[in-house]
Every structure is written in structure tokens, then in C-alpha cells.
Amino acid sequence: MPVPDDGPAGVLGTIGGTPLVELAKLAPGRHFTTYAKLEAFNPGGSMKDRSALEMLRELIRDGTLVPGRSVVVESSSGNLGIGLAQICAYYGLRFICVVDPRTNKQNIAVMRALGAEVEVVHETDPQTGEYLPVRIRRISELTARIPGAYWPNQYANPLNPQAHRRTMREILDAVPGGIDYLFCATSSCGTLRGCAEYVRDLGLPVTVVAVDARGSAIFGGVPTSRLIPGHGAAVRPALYRDGLADEVVHVTDLDCVVGCRRLAAREAILAGGSSGALVAALDQMADRIPAGARCAVVLPDRGERYLDTIYNDEWAARHFGDVSHLWKEKEFAMKVAPC
């Protein structure tokens, strides 16, 4: 089933065009405005749907990827795997996704429900202590052994950032007068690079803020173990370029949990771990953002797949101690006026 010349068919035609909403209750009284791009509204539940489609559509259209013969193989912490599983299911392509034990069980279940074969690597890399190098080595083994195997390679494929030029365009089109600050979580650097290059190509006065995990190697840090997947990387991606970000903010796993919980409590948005990282980064930079500025945050995915971790009080207490006071704010609850 080839991709129609006028765009993707069926459910894949709903990828992109996600809502942009103002976060009016996130931090009442702030002197700037914040908008959130809700990438959870993509059919696979995350912004990775955009990258997955962009990396496969031309190969399906020109017949390079053939149902019943071609095999797509990729490494993912979950969201890209779901996006690729959805596309491969629609077009009848076999898909193998290599993940590690940090991948949410719900993400694995969704991929398998869409027909994907999921391999879990359990060893960490001796040098970095991380799973990503092992996942990539497994990809190399599979593509060498399986006839017709194709690795999209989200970490180096220029079509990954190409997909997010549209993301940036949608944000700018939705905010009259444009924005002054853009906050992007970083992993493969696809979103960051696509948005940043779109801004620079048009010469727009937008400050691009990259939000990375503490313990990530993307911006030169020493990789350490992390609890929450979806942002950060143990190895600097090939898509990385110096100068993509005007500012870099590093956040902890606890920051992500608190940010997610605040987002749910104040804005009724149930989002994934990297969205909490963006909320935390916004807090860290708030005092340096000028009055009247317009900020946008790209919230990468939905939170239902984190119900056993980030949104589970017992899990949070086990890893961080008694921290519920950081998001259970009685004073805030009293300030919220009824609708």
C-alpha cells in the first residue's frame, strides 16, 4: 500500500497539527505567557509520530520498503517505537524494536499490540554503564543478519529533525506575533535541531532552550544512570550540532516527577516525564525571562504510560523519599477559582 502523493492515508493523516494551549494556571502571577504544544494528540501519543512518518514515508512511496519483504529495525525508549509500529502496521511491514529495562511496560505492550516484535537488552555498556550503546550494537547485529532489514537510525537521520520544522511552523502560526522562547527536551536532538534550524533559517529572534537530563552526555556531561526515559542520552547523537541551543538547562529525575505532578494538578494535563523536565526548566529560567515574553514548551507525550512510575506515590517515595509536599500545595488549591 503506497503512500498517496497528497499525504499519508488513514490514521497517519492525523499526525501533526496538534493543539497549542496557554498554561495560565501553571504559575499564576508570572510576568510572561507560556504556551504548550500538546504532542500527545498525535495518534501514537507522542511527537515521535512525526519523526517516524518522515523517516519512512518516502521509502514506502518509492517502493524501497516492501510489505512481506522489508523489515524495519530501530532502537527506542518507547515513543518512536510506537510511532514506527503504527506506521509499519498500517503498511504491512515487519517491525523489530530494541528496548531496555527502563522502557515503560505500557509502551512495550502498545508496540506489541500493533504487531511489533520487541527485544529487550539487559546488559549495560561496560564503559558508560548505559543501555543505549548495547541497543545500538544489537541493531547492527539484526540488520546484518536479517534480509531486507532497514534501520531508520533516529540518532543520525536528517529526516528526524526535518519533521520538526513543521512543529516549529505550527507553533509560530498559532501565536500571534510569534514567540520569544522555545523550550525543547533533548534525546535524539531531532526536535531541537529541526525547530532551531527553522528559527535560524528565518532569522527569528527566538531564544532556543534545550532541556537535558542531569547525567546525560548530549552537552558534554558525564553519563550516569537515570530513572526516567525519553530525554537525555548516554552517547551524544550524530544529529547534535554546536550552537543549536542558546541556553541549556539540566534537570534531575525528581525535577521531572515534580514537574509532571504540577502540570497535572494545575493544568489537568497528564504528560510524560520529559514534559515534567520542561516545566522544571521553565521554573529555573523564570527569573531571567523578560516581562511580556511569550514562551512555548513542546510537551512530547502523554502520561498514561507513566502511571506505575511518575504518577505512583509509592514508586516516588521509594526512589526519592517523602516528596509529595512538592506538588501537594494547599495554598495553590485555595487560589484556584471555580469555573
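None of the values given here were measured: they were computed from a predicted structure.
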How would you list, by chain and number, every residue that makes a side chain to side chain donor-acceptor pair (under 3.5 Å) with [X], sequence neighbours excluded?
{"X": "Asp242", "value": "Tyr240"}
{"X": "Arg200", "value": "Asp246"}
{"X": "Asp253", "value": "none"}

task = With sequence neighbours excluded, tell me which residues meet salt bridge (Lys or Arg N to Asp or Glu O under 4.0 Å) with Glu304.
result =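 Here no residue qualifies.
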
request  = Please list, chain by chain and in numerical order, all residues satisfying salt bridge (Lys or Arg N to Asp or Glu O under 4.0 Å) with Asp283, sequence neighbours excluded.
outcome  =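 So Asp283 forms a salt bridge (Lys or Arg N to Asp or Glu O under 4.0 Å) with Arg30, Arg262.
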
Taking all heavy atoms of [X] and all of [Y], pick out the closest pair and write down the distance.
{"X": "Cys184", "Y": "Thr191", "result": "SG-CG2, 4.0 Å"}
{"X": "Leu263", "Y": "Ala271", "result": "CD2-CB, 3.9 Å"}
{"X": "Tyr311", "Y": "Ala264", "result": "CE2-CB, 4.2 Å"}
{"X": "Pro101", "Y": "His122", "result": "CG-ND1, 3.9 Å"}
{"X": "Asn160", "Y": "Ser51", "result": "OD1-OG, 2.7 Å"}

task = Can you spot which of Val279, Val251, Leu278 makes a side chain to side chain contact (heavy atoms under 4.5 Å, CB included) with Cys256?
result =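 It is Val251; the other options fail the test.
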
Please tell me if the side chains of [X] and [Y] come closer than 4.5 Å, counting only heavy atoms from C-beta onward.
{"X": "Glu123", "Y": "Tyr131", "answer": "no"}
{"X": "Pro205", "Y": "Asp180", "answer": "no"}
{"X": "Asp49", "Y": "Pro43", "answer": "yes"}

Taking [Y] as the starting point, is it possible to reach [X] by hopping between hydrophobic residues whose side chains are less than 4.5 Å apart?
{"X": "Leu114", "Y": "Leu12", "result": "no"}
{"X": "Leu192", "Y": "Leu159", "result": "no"}
{"X": "Val248", "Y": "Leu282", "result": "no"}
{"X": "Val98", "Y": "Ile108", "result": "no"}
{"X": "Tyr181", "Y": "Leu244", "result": "no"}

What pairs with [X] under side-chain contact (heavy atoms from CB on, under 4.5 Å), at least two apart in sequence or on another chain?
{"X": "Val66", "value": "Arg69, Ser70"}
{"X": "His31", "value": "Ala291"}
{"X": "Leu20", "value": "Tyr35, Lys37, Ile171, Ala174, Val175"}
{"X": "Arg145", "value": "Arg138, Leu142"}

Below 4.0 angstrom, N of the basic side chain to O of the carboxylate: do [X] and [Y] qualify?
{"X": "Glu314", "Y": "Arg318", "result": "no"}
{"X": "Arg50", "Y": "Glu39", "result": "yes"}
{"X": "Arg112", "Y": "Glu117", "result": "no"}
{"X": "Asp125", "Y": "Arg137", "result": "yes"}

inquiry  = Would the distance check show the side chain of Arg193 and the main-chain N or O of Ser188 forming a donor-acceptor pair, the cut-off being under 3.5 Å?
reply    =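 Checked: no pair found.
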
task = Indicate whether the side chain of Asp212 and that of Ser216 have a donor and an acceptor atom separated by less than 3.5 Å.
result =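 A pair is found: one side chain offers a donor N or O, the other an acceptor, under 3.5 Å apart.
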
message = Can you see whether Thr309 engages Asn312 through a side-chain donor-acceptor pair at a distance of less than 3.5 angstrom?
response =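 No pair is found: no donor N or O on one side chain lies under 3.5 Å from an acceptor on the other.
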
Pairs of donor and acceptor atoms involving the side chains of residues 71-83, under 3.5 Å and at least two apart or interchain, shall be tabulated with distances.
residue	atom	partner	partner atom	Å
Glu74	OE1	Trp151	NE1	2.7
Glu74	OE2	Asn153	N	3.0
Glu74	OE2	Gln154	N	3.0
Ser75	OG	Arg135	NE	2.8
Ser75	OG	Arg135	NH2	3.0
Ser75	OG	Tyr155	OH	3.1
Ser76	OG	Gly78	N	2.8
Ser76	OG	Gly81	N	3.0
Asn79	ND2	Asp301	OD2	2.8

message = Can you list everything that forms a ring-ring contact (aromatic ring centres under 6.0 Å, His included) with Phe32? Sequence neighbours excluded, please.
response =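 Scan of Phe32 (ring-ring contact (aromatic ring centres under 6.0 Å, His included), adjacent residues dropped) gives none.
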
Quiz: residues 226-233 side-chain donor-acceptor pairs under 3.5 angstrom, not counting sequence neighbours:
residue	atom	partner	partner atom	Å
Arg226	NH1	His231	O	3.0

task = For the pair Thr207 and Arg288, evaluate side chain to side chain contact (heavy atoms under 4.5 Å, CB included) and give the outcome as yes or no after the intermediate values.
result = CA-CA 12 Å; Thr207 298; Arg288 294 192 282 131; over 6 Å; no

